[in-house]
Each structure stands twice: as C-alpha cells, then as structure tokens.
Student: 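Next up is a structure, given as structure tokens.
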Protein chains: 2
Amino acid sequence: MSRNKRTELIRKSLDLFYRNGFHATGMDLVAKETGVSKTSIYKHFRTKEDLILAVLRLRDEDFRNRLIRRMEDLSDTAEGQLMALFDALEEWFQQAGFQGCMFIKASAEFQQKEHPINVQAMEHKRLLLEHFTALAEAAGFENPRDLACQILVLKEGAIVLAAMSHSCDPASDARKAAQVLLRNHPKNDP
Amino acid sequence: MSRNKRTELIRKSLDLFYRNGFHATGMDLVAKETGVSKTSIYKHFRTKEDLILAVLRLRDEDFRNRLIRRMEDLSDTAEGQLMALFDALEEWFQQAGFQGCMFIKASAEFQQKEHPINVQAMEHKRLLLEHFTALAEAAGFENPRDLACQILVLKEGAIVLAAMSHSCDPASDARKAAQVLLRNHPKNDP
DNA sequence: TCAAACATGAACAGATCGGTCAATCTTTTC
DNA sequence: GAAAAGATTGACCGATCTGTTCATGTTTGA
C-alpha cells in the first residue's frame, strides 16, 4: 500500500470516528466507507486501537499546524496571536462538520490514565500548552506558563460547550475572558 | 419494583456507565453488576437509551444539588460562592473515582444535536448557567449572564483537563482566572 | 388463602463486534 | 514471461451487542 493510500485510509477513518465516535464505529463500516478491505486494513494496523492511534497522530499534526498557522495569519505579535486563538476557534466552530475536539472525545471513551489513546490525547494538549507558553513568554508576561494554562482552560471549555450546544457563542465568551486575563497579567520589567 | 430498588438500579448503572463509558457498557454487565435480571430491567426501561436518560436525570439532580450546597457551605456571599465553585471542583477532582463530567462524556458519545441524551446533557449545563447567572446578579455585577458564561467556560475547561491529565491543577488555573475576571467585571451602581 | 402482579434465570433472536483465513488477483523482479 | 511477493476478497470465527420469550418462582394484598 502506497503512503498516499495509507494516509487516505487514515483520513477517511478519521472522518468516521470523528462523526460517529470510536466505539460506535465498527471496522466493517471503516472498510466499507474507505473502500479498503478489512483484511488489508488489518495488514497495516494490528488492531483497531492501532488505527485509532494513527488517526490521532494525523489529527494532532493537522489540527495543530492549521490552528497555529491561522493564529499567525491573524496577528504578527505574540500577544495578538494569543487573542487570535479565539477567533480561530470561532471560525472552526462555524465550520459545517464541527463536532468538538477529537482528543477530548477520545479521552472520554478511553479514559484510563495509562491507556495509549488517552496518553496521546494528553500529549496533544501538552504540545498546545507549550506553544501558548512560548507565546506568553515572547509577549513578555511574567509566569508565562500560568497564563498559558488559563488560556488552555478557556480554550477547552469553549470547545466543549460549543460542541454540546452546537453554537459559536462560547468562543466569544472565552475571548472576552482572555482579553481580561491578558490585560491584567503582570509583565516583565523591560 | 419499589422506588428504592429502582433508584438503586439507576445508581449502580450510573457507576458502570461513568467508569466504562456508555457504548462500552453492555446490558448484560449492567444486569450482572446491579443484581437485577435483564428481563426486569427491560420491564422498567424500554431501551438502553431510556436507562441512560434516567441515569442522567439522577446525576443532574445529585450533582447540581451537591455542588450548589458545597458552594453555599464554603461562602455566605454570592461573589464568594462563585469563587468557591473552583474550590468545590478541586475537591471533586481529588476524589478517588473522579472521571470527568458525565454529561460531557454522554454528549461526546451521542453528539447529534437533537439526540435526547445530548439534549439532556445540554439541559444540565443550562441549569448550572442559570444558577451562576443568579449569583452574578445577586453579587451586583453588570451583565451577569456574560460573567456567568465565562465562569462556565472556565469550569468546563477545568473539568476536561483534570479528567484527561488526572491532575487537580486545572482547578487552580481556573480559579486564578476567575479571580481576575471577578475583580475586573464592572458592577452596577449602588 | 388464593389469585393477581411481579421478578427471575436461561435460552434465544438477529445483528454486529474485532479479527482471521484460504483462495484469488496484481504487481514486482529477474 | 515466469516465479515470487504483496494486496485484495468474501466468507467465516467466536464473542458480544440490544432486546425478547417462556416457564418458573416469589411477593403481595384483599
């Protein structure tokens, strides 16, 4: 199987898992919808869990790259990019197929602390937190990690509420809150 | 079946669904663990979905009552209670069986907008938001609904991150953020 | 006390679950 | 162009899924 076909398979599986959930999506459906026979799928992925992990790896790269690039497109400054996070979120919420955060959902279905799927979901959040921390540091804030943690809490809360309510409003709620946090967070001496 | 037995059945089912997830918990297991035969369960609940809805109704009452009472125990003032929310959350995160918010997880597994389970999960969040709004109003804040929405975003974000990371830290992150929000939110003229 | 109401276990449907197999079909390689 | 290697297929495995049937207890109330 070529690398392209493999990626295609993962991408189509991603759509299915994202729309229907992990437990609720059977491998027969994956085979039917991807056009790849179950035997072939299992040649490349030992178990369903392995396929899910591959899906999450792809999603992590895709999502993080797109989000960060969008934040950079929306602003030139580190502080502006932190605020732009919430505009990017709102754009995402408005997209047709928006169904919440794939990692939150994965973690909800495989919640044991040491489960590889939960570990991978956590890793995604950790990488995002690293980026927010770097931005907060570049913007000259004291305790950049603290501020980044608060931004992350706002982001996750907004995603969960937007997915549940099928509304974009939580994005602006989170943005307003972030605005206040940024304005009041102490900065380093120049 | 007596009312007590019925409640007992729902409560034990709640534990199972909360620990293992909804799709991942079969009705045979529910029958075995509750000690109620499958036949009897289906006498009282037409479908598994009906049982889940009953579980969520119980959870809503239980959780909301406990949370609100704890906030009231921790503070006498409306503003203090809003802050105490995050102390109550932290206590919850520390409890042995903490596995995140049951409604977020239910919504993640049954995410279609009009699905009764998702509707019920949304209703739980709506009721919490009402309470936060009332507190914000009682505390004399302008735009109490706005402030309450921001508090709710912080709460949901903290729960999701705490469940995923199996850590209590998001509670204090959210509390610090809430502190800043409350301090800077405009108040009505006296 | 006797019958109506309810609860039970075990077996059974029919579908679907994750995963495998031998038999084919394609592609590569010499 | 033939042989080796890899990919694909549909049928199949045993287990489990939600939900039902039935014949047999067990409560319960008048």
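Reckoned from all heavy atoms, side chains included, excluding hydrogens, waters and symmetry mates. From a predicted model like this one, the values you see are computed outputs, not experimental measurements. Order of the sequence lines sets the chain letters (A, B, ...), proteins ahead of strands, with each chain counted from 1.
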Student: Can you check whether B:Trp92 reaches B:Leu67 side chain to side chain, under 4.5 Å on heavy atoms?
Tutor: no

Student: Which residue pairs pass the side chain to side chain donor-acceptor pair (under 3.5 Å) test when at least one of the two sits in residues 137-146 of chain A, sequence neighbours left out?
Tutor: A:Glu130-A:Arg145, A:Asp146-B:Lys176

Student: Which angle, to the nearest 10 degrees, lies between the helix axes at the two ends of the helix from C:dT1-D:dA30 to C:dC30-D:dG1, each defined by five pairs?
Tutor: 10°

Student: I need a per-nucleotide contact map over nucleotides 17-26 of chain D, read 5' to 3'. Cutoff is protein heavy atoms under 4.0 Å; write B for the base, S for backbone only, - otherwise.
Tutor: SBBBBB----

Student: Centre of B:Tyr18's six-membered ring, under 6.0 Å away, within 45 degrees of the axis: is that where NZ or CZ of B:Arg59 sits?
Tutor: yes

Student: By salt bridge (charged side-chain N to carboxylate O under 4.0 Å, His left out), which residues pair with B:Arg175, not counting sequence neighbours?
Tutor: B:Asp87, B:Glu90

Student: Can you name the residues that form a salt bridge (charged side-chain N to carboxylate O under 4.0 Å, His left out) with B:Glu33, not counting sequence neighbours?
Tutor: none

Student: So does B:Lys32 pair up with B:Asp28, basic N to acidic O under 4.0 Å?
Tutor: no

Student: Nearest-Å distance, CG (B:Leu9) to P (C:dC6)?
Tutor: 17 Å

Student: Please report, rounded to the nearest Å, how far the P atom of C:dC17 is from the CD atom of A:Glu109.
Tutor: 14 Å

Student: Give me each pair satisfying side chain to side chain donor-acceptor pair (under 3.5 Å) with a member in residues 155-165 of chain A, each pair once, sequence neighbours excluded.
Tutor: A:Lys125-A:Glu156

Student: In whole angstrom, what separates B:His44's NE2 from C:dT8's C1'?
Tutor: 12 Å

Student: To the nearest angstrom, how far is A:Ile41 atom CD1 from C:dC17 atom C1'?
Tutor: 14 Å

Student: Can you see if the side chain of A:Ser37 gets near the phosphate of D:dT9 - specifically, an N or O under 4.0 Å from OP1 or OP2?
Tutor: yes

Student: Same cluster or not: A:Leu74 versus A:Phe93, using hydrophobic residues (I, L, V, M, F, W, Y) connected whenever any side-chain heavy atoms lie under 4.5 Å apart?
Tutor: no

